[in-house]
Protein chains: 2
Amino acid sequence: MEPNIDALLPLRDVVFKTLRQAILTGELKPGERLMEIHLAEKLGVSRTPIREAIRQLELEGLVIMVPRRGAQVAHITEKSMSDVLEVRLALDELAVKLACERITDEEISLLRSACADFEDAVSSADIRSITSADVAFHDIIFKASRNSRLIQMVNNLAEQMYRYRFEYIKDDSGWQSLITEHRMITDAIAMRDSQLAERAIHVHIKNQENSILRTIRREEKDLTRKQ
Amino acid sequence: MEPNIDALLPLRDVVFKTLRQAILTGELKPGERLMEIHLAEKLGVSRTPIREAIRQLELEGLVIMVPRRGAQVAHITEKSMSDVLEVRLALDELAVKLACERITDEEISLLRSACADFEDAVSSADIRSITSADVAFHDIIFKASRNSRLIQMVNNLAEQMYRYRFEYIKDDSGWQSLITEHRMITDAIAMRDSQLAERAIHVHIKNQENSILRTIRREEKDLTRKQ
DNA sequence: ACAGTGCATACTGTATACAATATACAATTC
DNA sequence: GAATTGTATATTGTATACAGTATGCACTGT
């Protein structure tokens with residue numbers, strides 16, 4: 001958890017990113033208390049930017065505040081994650097619907113090459129490039145929705161699933177279906193067929209949902225077995 | 001903008017609510033700068049709770065931050081509002097769908113009486129009781145969705161439309177159709193017919209959308225005429 | 001008269017000091 | 001011995017002090 005010193009950004013943003021990273025990588029574990037003085041000393045700043053960063057983490061759902069006890073890292077339960085995924089599915093369906101109405105021809109070309117890039121990444125079998133190609137693909141769709149509020153909300157939700165992104169990508173048995181799904185989504189949007197596109201994204205997200213929830217169930221079982 | 005002194009809440013929450021109210025009622029006008037010292041003196045607190053409240057307002061989209069210049073009240077444009085309304089429609093459709101699947105029989109009774117309360121409020125022709133009955137009605141549906149994340153996100157979006165709530169309620173020509181729409185939604189949910197319920201809420205929100213956007217267009221025209 | 005520089009001012013960003021409260025542990029009482 | 005209260009300590013909540021930077025204005029030089 002070394003503070004990424006970037007003189008341009010306000011300290012609160014640096015702290016925010018540092019803490020978020022620490023939570024998503026598991027360095028700060030669920031239930032762990034975030035104590036302002038400790039964090040301030042550890043990161044070499046005062047309490048003020050720490051407090052402001054914690055407020056942001058709260059809004060993203062990564063920590064929960066207990067009055068007069070401060071913040072602690074949020075437990076991720078199957079319920080909380082399925083809540084997030086339900087909303088995310090709805091927002092993704094909205095995004096593709098809007099994209100079908102508003103996407104430009106140039107963006108369709110971009111989408112096609114992003115789709116191809118993803119296939120290349122899969123052939124490379126490198127998890128990192130697969131995930132970034134996946135993000136790039138979906139980003140084009142969101143941008144094409146021309147709804148900045150929607151983009152902002154989806155980004156927030158995505159944070160919460162970040163730690164599970166590797167899980168569903170790791171399992172190489174699903175790669176081929178991921179490619180198929182991306183192709184279906186791309187084709188549907190290129191044809192501006194919103195109904196088809198919504199069905200395609202629905203399948204895509206649902207598959208991720210199943211994979212993520214399976215992982216959590218496994219984790220929770222491990223946890224109870226340990227205790 | 002008198003601070004509502006409630007000793008139980010942290011000052012940042014009191015300040016947050018005070019400022020939000022001031023923005024929504026128009027006491028703080030779009031573009032107006034929120035200067036920490038001035039607000040601190042006016043509300044009789046220090047800068048710290050003011051800062052924390054401003055961070056929250058930023059997350060709700062009510063103010064925008066300019067680095068090194070602080071916060072200013074966000075301009076509400078037709079585009080930003082239609083972005084919000086697009087997302088809100090999707091989330092409302094999700095909420096009624098989930099409510100159809102998860103609502104209990106007791107909640108259906110509650111919904112029916114809330115629907116009746118709304119009709120009573122309309123006969124009373126009192127704007128305040130109409131709006132609160134409307135909020136109560138929709139709250140039951142959101143609660144029945146059993147998705148706390150969804151509820152949180154819808155609440156955030158709703159803040160932004162608050163200042164226009166009176167506008168679409170004020171116009172008494174629409175009251176009868178509001179009653180009809182609420183009845184259709186209630187009946188569809190009571191039958192747990194999610195497709196019917198989604199169509200009903202779609203119509204309901206779209207009507208609000210038209211009314212709100214009409215109001216904004218009128219405002220923007222007034223504004224340009226003045227300048 | 002106009003451009004440019006320097007200074008005063010006002011504000012945000014950050015650090016620290018102070019107040020209030022919750023928690024844990026020990027002492028005291030029943 | 002158990003329960004309750006007191007007290008120390010740790011931690012958040014709040015206020016204030018200090019530092020750095022942007023903005024506007026006056027003054028100077030051409």
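All values below were derived from every heavy atom in this structure, side-chain atoms included, with hydrogens, water molecules and symmetry-related copies excluded. Residue numbers begin at 1 in each chain, while the letters A, B, ... track the order of the sequences.
Rounded to a whole Å, the CE atom of B:M65 is 15 Å from the P atom of C:dC11. Separating the CZ atom of A:R47 from the C1' atom of C:dC18 is a distance of 11 Å, rounded to the nearest angstrom. In this structure, the CD atom of A:E58 is 14 Å from the C1' atom of D:dT12, given to the nearest Å. Computed from coordinates, the B:L43 CG to D:dT14 C1' distance equals 14 Å when rounded to whole Å. The CD1-P distance, from A:I37 to D:dT9, rounds to 15 Å in whole Å. Here the P atom of nucleotide C:dG13 and the CE atom of B:M35 are 14 Å apart, to the nearest Å. Atom pair A:E52:CD and D:dT12:P shows a separation of 16 Å (rounding to whole Å applied). Atom CG of B:L39 and atom C1' of D:dA15 are 16 Å apart (whole Å).
Residue B:R51 is in base contact, counting any heavy-atom pair closer than 4.0 Å across all strands shown. A:L34 comes within 4.0 angstrom of sugar-phosphate atoms only, judged by non-hydrogen atoms across all strands, and of no base.
A salt bridge is defined here as a Lys NZ or Arg NE, NH1 or NH2 lying under 4.0 Å from an Asp or Glu carboxylate O, and A:D92 with A:R88 meets this definition.
The side chain of A:S46 places no N or O atom within less than 4.0 Å of a non-bridging phosphate oxygen (OP1 or OP2) of C:dT14. Between A:H38 and D:dT11, a side-chain N or O to OP1/OP2 separation shorter than 4.0 Å is present.
Here the CD-CG distance, from A:E86 to B:N147, works out to 5.0 Å after rounding to the nearest 0.5 Å. In this structure, CE on B:M35 lies 11.0 Å from CD on B:Q72, to the nearest 0.5 angstrom. To the nearest 0.5 Å, atom NZ of residue B:K79 and atom OG1 of residue B:T77 are 8.0 Å apart.
The side chain of A:E36 sits closest to D:dG13 out of D:dG13, C:dA15, C:dG13.
A donor N or O paired with an acceptor N or O is not found under 3.5 Å between the base of D:dG13 and the side-chain atoms of A:R69. Evaluation of atom-type donor-acceptor distances gives no pair under 3.5 Å for the side chain of A:R68 against the base of C:dT21.
With the nearest nucleotide of DNA chain C identified for both A:P67 and B:V66, B:V66 has the one nearer the 5' end.
More than 12 heavy-atom neighbours from other residues, nucleotides or ligands sit within 6.0 angstrom of CZ on A:R217.
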